[in-house]
Visitor: 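Pasting a structure below so you can have a look.
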Amino acid sequence: RLADARADAEAALELFDEAVDGPSPVKHAWYVLAAVAIHTDDRRALAAAAGSAAALRADDALNLRRTGDWIAALLADAEGDGAAAVAAAAETVAALGTPSPKFAHPHDASDLLALLRLLLRAEDRERAAAVVAESERRAALNPEFPLFGFLARHARALLERDPEAMRAAAEGVAHLPGTLVQALALEDAADVLVEHDRDAAVDHFDAALKAYGEAGADRDVARVRRRLRDLGVRRRRLASTRPVTGWAGLTDAELAVVRLVAEGATNRQAAQRLFLSPHTVSSHLRHAFEKLTIRSRVELAMLYAEREADAARAG
């Protein structure tokens, strides 16, 4: 649900504008906005993410600099600049294996897989091996959490491109946290299996394609469709992939906000009805305005009334 994640991150930044305790509380919001920009291939948002990464990397606080490094690494990797990605992630990799590794924020266990993929794409196997070792170290330290063991097995299979180990790891994908993490793991499995079992690779690519589409990850959808075409398999554009503009482009959350606001609710009233923060409502409304190419609540009310009238006539 990338659009909703973006709205919540923007709401956090709006709250930060009212705060006085520095940028630390919203470093995760900048990370989320960068990740959403990458997965959706939003060029304007990517430029904004590059700016936030630069600002964080210039900060005096180590944890903020590391967050900036991680965002910069992900952005460089997304643009295919492996050398810049590895350079940005160098301090993070160097800190792995320490008692309290200063890993990139937001400290998601699956970030190790993201780092591993980045290094493998840059053909830096030495550092990639260090990431796998760190993943296995974390699994050994946390036997009560099966997630760490799964991630370690997946990482080892990806590094060694072991089809049987990857096939076994892929069976646990459903236990991973979140649709995108699952889709990336499925794509990893397909990438390894394609050299050994074409049909199994296609099945995994298809599963990843569906998950990416559900999340609204347009960049990832396009990449997997290209991989399938390379295998001689063509897939139609997924029905779940939303258009960029118009009513059909609104997410469920945006539509819920639009419906209440068009009926006269204030942002605060809509927030209370939907159990959201007013800042999140404001973000949803702003994106709805962009998609509907309008600028005011009056225009929204008129457009919504026309839509309802058309629906009544059609029904």
Side-chain angles (χ1 to χ4, degrees), residues 1-19 21-59 61 63-79 81 84-85 88-89 92 103-108 110-111 114-115 117-118 177-181 183-184 212 214-223 242 244-245 249-254 257 267 271 276-291:
R1 295 168 54 189
L2 291 173
D4 292 344
R6 176 184 61 188
D8 284 339
E10 289 173 343
L13 291 179
E14 288 185 25
L15 286 169
F16 164 63
D17 286 340
E18 301 171 3
D21 54 354
S24 183
V26 293
K27 59 182 180 290
H28 299 317
W30 279 316
Y31 167 85
V32 168
L33 290 176
V36 170
I38 290 169
H39 285 295
T40 59
D41 201 21
D42 183 329
R43 307 313 297 182
R44 183 172 62 178
L46 285 167
S52 66
L56 288 167
R57 298 179 86 182
D59 199 277
N63 67 330
L64 295 184
R65 292 202 305 275
R66 284 285 164 76
T67 300
D69 288 344
W70 185 229
I71 293 173
L74 292 175
L75 292 171
D77 180 53
E79 295 300 322
D81 191 341
T92 292
F103 185 59
H105 298 277
H107 297 298
D108 189 322
S110 63
D111 276 349
L115 181 57
R117 294 184 190 102
L118 179 156
T179 301
L180 275 178
V181 178
L184 286 161
Y212 285 136
E214 291 173 352
D218 293 341
R219 177 195 288 263
D220 304 290
V221 165
R223 181 182 62 252
R242 297 181 186 276
V244 177
T245 60
L250 299 185
T251 66
D252 292 342
E254 289 166 351
V257 169
N267 284 13
L276 299 172
S277 78
H279 293 291
T280 299
V281 167
S282 175
S283 179
H284 282 314
L285 197 59
R286 182 168 58 252
H287 290 295
F289 277 21
E290 292 173 358
K291 292 175 182 179

Visitor: Report the distance from atom CZ of R57 to atom CG of L64, rounding to the nearest 0.5 Å.
Guide: 13.5 Å

Visitor: Is it true that atom CZ of R1 has more than 12 heavy atoms of other residues, nucleotides or ligands lying nearer than 6.0 Å?
Guide: no

Visitor: Looking at every heavy atom in both A85 and A76, which two are closest together, and how far apart are they?
Guide: N-CB, 3.6 Å

Visitor: About how many Å separate CG of D8 and CG of L13, when rounded to the nearest 0.5 Å?
Guide: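 Spacing of CG (L13) from CG (D8) equals 11.0 Å.
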
Visitor: Between CG of L115 and CG of D77, what distance do you get to the nearest 0.5 Å?
Guide: 10.0 Å

Visitor: Taking the side chain as C-beta and beyond, is there a heavy-atom pair between L46 and D41 under 4.5 Å?
Guide: yes

Visitor: Which heavy-atom pair separates D69 from A88 by the least distance, and what is that distance?
Guide: CB-O, 3.3 Å

Visitor: Decide yes or no for L180 and Y212: does some side-chain heavy atom of the first lie under 4.5 Å from some side-chain heavy atom of the second?
Guide: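 Yes. Closest side-chain heavy atoms under 4.5 Å.
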
Visitor: Below 4.5 Å, heavy atoms only, C-beta onward: do K291 and T251 meet side chain to side chain?
Guide: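 When only atoms from C-beta onward are counted, T251 and K291 do touch, with a gap below 4.5 Å.
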
Visitor: Check the surroundings of atom CZ in R43: do more than 12 heavy atoms from other residues, nucleotides or ligands lie under 6.0 Å from it?
Guide: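 Counting other residues, nucleotides and ligands, CZ of R43 exceeds 12 neighbours.
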
Visitor: If you measure from CD on E79 to CG on L74, what distance do you get to the nearest 0.5 Å?
Guide: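 Taking CD in E79 and CG in L74, the distance rounds to 12.0 Å.
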
Visitor: Taking all heavy atoms of A7 and all of S283, pick out the closest pair and write down the distance.
Guide: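 Closest pair (atom of A7, atom of S283, distance): CA-OG, 3.2 Å.
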
Visitor: Should H284 and E254 be marked as a side chain to side chain contact (heavy atoms under 4.5 Å, CB included) after you check the CA-CA gap, both sets of side-chain angles, and the distance that decides it?
Guide: CA-CA 5 Å; H284 282 314; E254 289 166 351; 3.6 Å; yes

Visitor: Assess whether a salt bridge exists between R6 and D4, defined as any Lys/Arg side-chain N lying under 4.0 Å from an Asp/Glu carboxylate O.
Guide: no

Visitor: In Å and rounded to the nearest 0.5 Å, what is the CG to CH2 distance from L56 to W30?
Guide: 5.5 Å

Visitor: List the steps and the verdict of side chain to side chain contact (heavy atoms under 4.5 Å, CB included) for H287 and V257.
Guide: CA-CA 11 Å; H287 290 295; V257 169; over 6 Å; no

Visitor: Let me confirm one number: the CG-CG distance from L2 to D42, rounded to the nearest 0.5 Å.
Guide: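 The CG atom of L2 sits 11.0 Å away from the CG atom of D42.
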
Visitor: Taking all heavy atoms of I71 and all of A53, pick out the closest pair and write down the distance.
Guide: CG2-CB, 3.7 Å

Visitor: Is it the case that the side chain of T67 and the backbone of N63 share a donor-acceptor pair, with hydrogens and angles ignored and the cut-off at 3.5 Å?
Guide: yes

Visitor: Examine distances only and state if a side-chain atom of R219 and a backbone atom of A78 form a donor-acceptor pair shorter than 3.5 Å.
Guide: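 Here the side-chain-to-backbone pair exists.
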
